[in-house]
Amino acid sequence: MTQVQPEAAVLQVQGLVTQFHTLDGTVHAVDGVDLTIHRGEIVGLVGESGCGKSVTALSILRLIDRPGRITEGQVLLDGRDLLALNESEMAGMRGNQISMIFQQPTTCLNYAHRVGAQIGEVFEVHQRLSRQEGEKRAIALMRDVGIPDPERRASAYPHELSGGMAQRVMIAMALACQPQVLLADEPTTALDVTIQAQILDLIRNLRAQTNTAVILITHDLGIVAEMCKRVYVMYAGQIVEQAGVVDLFERPLHPYTQGLLGAIPIFGRRRQRLLTIPGKVPRLIEVPKGCRFASRCRRRLECNMEICTTRPPELFEAEPGRWVRCWQYALESAV
Ligand SMILES: Nc1ncnc2c1ncn2[C@@H]1O[C@H](COP(=O)(O)OP(=O)(O)OP(=O)(O)O)[C@@H](O)[C@H]1O
Ligand SMILES: [Mg+2]
C-alpha cells in the first residue's frame with residue numbers, strides 16, 4: 001500500500017464553469033474556478049452573497065439541477081474526475097468519499113425515514129456495523145451535535161424536527177461517513193453560539209482523526225481565523241485571491257479582500273462578519289469586459305487604471321503562495 005502524504009492534494013477543481021440558463025439570459029455563476037485542497041486541510045471559501053460559493057460546492061458534488069449546468073472543468077478526487085463518472089458511480093461517492101453540510105438542510109434528508117435510522121444506515125454501509133450498532137452510534141453522534149434527548153428524537157421523522165434540529169441531523173449524517181472531503185456550506189449560521197462551537201469542534205476532530213479535508217464556506221471571519229489554514233476569496237463567480245490565513249488577514253492584497261476585511265484586526269475577535277463594500281456586485285448575466293470588481297474598486301480610480309475596465313485580469317502569483325486577480329500586481333511585476 002502506498003503511504004498517505006499529508007500534503008497530497010485530495011481534491012483539485014480545475015477550470016470549473018457552471019451556468020444557469022434562465023429566461024433573462026445565462027447566469028455565469030461559477031466562471032473558471034480552480035481549487036486545490038490537501039488532505040487534512042481546512043480551507044475557507046469566502047465572499048459576498050451571490051458570488052458563487054454554494055454553486056461551487058454543489059458543482060463539486062454534481063448536484064446542479066436545471067436550469068443549471070456544469071459546462072467545463074474537472075473535479076479530481078484523488079485524481080479521479082467526478083465529472084466523468086456515470087450517475088451511479090457518482091452516487092456511490094456522495095455521502096461516502098465526499099459529503100456536504102448544506103446551507104439548506106432539507107436538501108439531503110429523506111422525509112420517509114426516521115432520523116436515527118438514517119444516520120445509523122451511514123454507519124451500517126460505511127463501517128459495516130449491524131443495524132443495532134449503527135443506531136447506537138447514531139444516537140451518540142446525535143448527542144455530539146447537540147441534539148437533546150437523542151434516544152427519543154432518533155425515532156422522529158425529519159418533518160417532526162425544528163429547523164435547527166434538522167440542521168444538526170444533517171451535520172451528523174455528513175460526519176458519520178468520515179469522508180475524505182467535507183464541504184461545509186455555512187454549517188453553523190443557523191445555530192446558537194454554544195452549538196456552533198460544538199459543531200466546529202466536531203469538524204476539527206474529524207480532521208484530526210480521519211485526515212478529512214474540509215472546504216468551509218462562511219461569512220464569519222472569526223470562524224475562518226480559528227479554523228482555516230488557507231483561504232480562497234470569491235467575487236462574481238471567480239477566485240480573486242488565495243493566501244494563507246495569517247497573510248490574508250494581516251495584509252490582504254486584492255482591493256476586494258481589503259474592502260471585505262476592513263482595517264479591523266481579525267485574530268482574537270470571535271464573530272467578525274464580512275464588511276459591506278459600497279457599490280453593487282455585477283449581474284452575473286452581463287459580466288463586465290474588464291475586471292469584475294472594477295466598478296467598485298477605489299484603487300482603480302485612485303490610480304486611473306484604464307486596463308481594469310478593458311481586459312479581464314488572470315489570477316497572478318504576486319508572492320510565493322499568494323495569488324491575486326488584480327492588474328496592479330500583474331503590472332508591477334512586469335515593470
Ligand atoms: N437555480 C438557479 N437559477 C438561476 N440562478 C441561480 C440558481 N442558483 C444560483 N443562481 C445564481 O448563481 C449565483 C451564485 O449563487 P450562490 O448561491 O452560489 O451564491 P453564494 O455565494 O452561495 O451566496 P450566499 O452567501 O448568499 O449563500 C447567484 O447569482 C445566483 O443568483
Ligand atoms: Mg450560499
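Order of appearance sets the numbers: ligands from 1, and atoms from 1 within every ligand. Count residues from 1 along the sequence.
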[X] N/O under 3.5 Å from ligand 1 N/O:
| X | result |
| --- | --- |
| Thr56 | no |
| Val27 | no |
| Thr22 | no |
| Cys51 | yes |

Q) Can Leu76 be reached from Leu85 by stepping across I, L, V, M, F, W or Y side chains whose heavy atoms are under 4.5 Å apart? A) no

If you have a sec, work out which protein heavy atom is nearest [atom] and how many Å separate them, to one decimal?
| atom | value |
| --- | --- |
| atom 1 (N) of ligand 1 | Phe20 CE2, 3.6 Å |
| atom 29 (O) of ligand 1 | Leu284 CD1, 3.5 Å |
| atom 25 (O) of ligand 1 | Lys53 NZ, 2.8 Å |
| atom 28 (C) of ligand 1 | Gly50 O, 3.6 Å |
| atom 17 (O) of ligand 1 | Ser54 CB, 3.7 Å |
| atom 26 (O) of ligand 1 | Ser49 OG, 2.4 Å |
| atom 12 (O) of ligand 1 | Ala29 CB, 3.3 Å |

(Q) Between Gln242 and Val233, is there a side-chain heavy-atom distance shorter than 4.5 Å? (A) no

What I want to find out is whether [X] reaches [Y] closely enough, with some N-O distance under 4.0 Å, to be called a salt bridge.
| X | Y | answer |
| --- | --- | --- |
| Arg299 | Glu302 | no |
| Arg322 | Glu241 | yes |
| Arg94 | Glu87 | yes |
| Asp78 | Arg39 | yes |
| Lys136 | Glu151 | no |
| Arg296 | Glu48 | yes |

Q.
Heavy-atom count check: over 12 atoms from other residues, nucleotides or ligands less than 6.0 Å from His113 NE2?
A. no

Q.
Can you classify the ring geometry of His254 versus Tyr256 as parallel (below 30°), tilted (30 to 60°) or perpendicular (above 60°)?
A. perpendicular

**Q.** Pairwise salt bridge (charged side-chain N to carboxylate O under 4.0 Å, His left out) hits with a residue in residues 311-320, at least two apart
**A.** Arg251-Glu319

Q. Under 4.0 Å from ligand 1, counting heavy atoms only, is it the side chain of Met234, its backbone, both or neither?
A. neither

Q. Heavy-atom contacts under 4.0 Å between His219 and ligand 1: side chain, backbone, both, or neither?
A. side chain

Q) Nearest heavy atom to atom 18 (O) of ligand 1: which of Ile64, Val55, Ile217 does it belong to? A) Val55

Q.
Any donor-acceptor pair under 3.5 Å linking the side-chain atoms of Glu186 with those of Gln103?
A. no

**Q.** Sphere of radius 2.8 Å around the Mg ion (ligand 2) - protein N, O or S atoms inside
**A.** Ser54 OG, Gln103 OE1

Q. Taking Tyr329 for the side chain and Leu253 for the main chain, is one N or O donor matched with an acceptor at less than 3.5 Å?
A. yes

Q: Kindly say whether Tyr235 contributes a backbone atom to a donor-acceptor pair with the side chain of Gln238 at under 3.5 angstrom?
A: no

Q) With atoms numbered from 1 as shown, which atoms in ligand 1 lie under 4.0 angstrom from a non-hydrogen atom of Gln103? A) 27 (O)

Q.
For atom 31 (O) of ligand 1, is there a protein heavy atom at a distance under 4.0 Å?
A. no

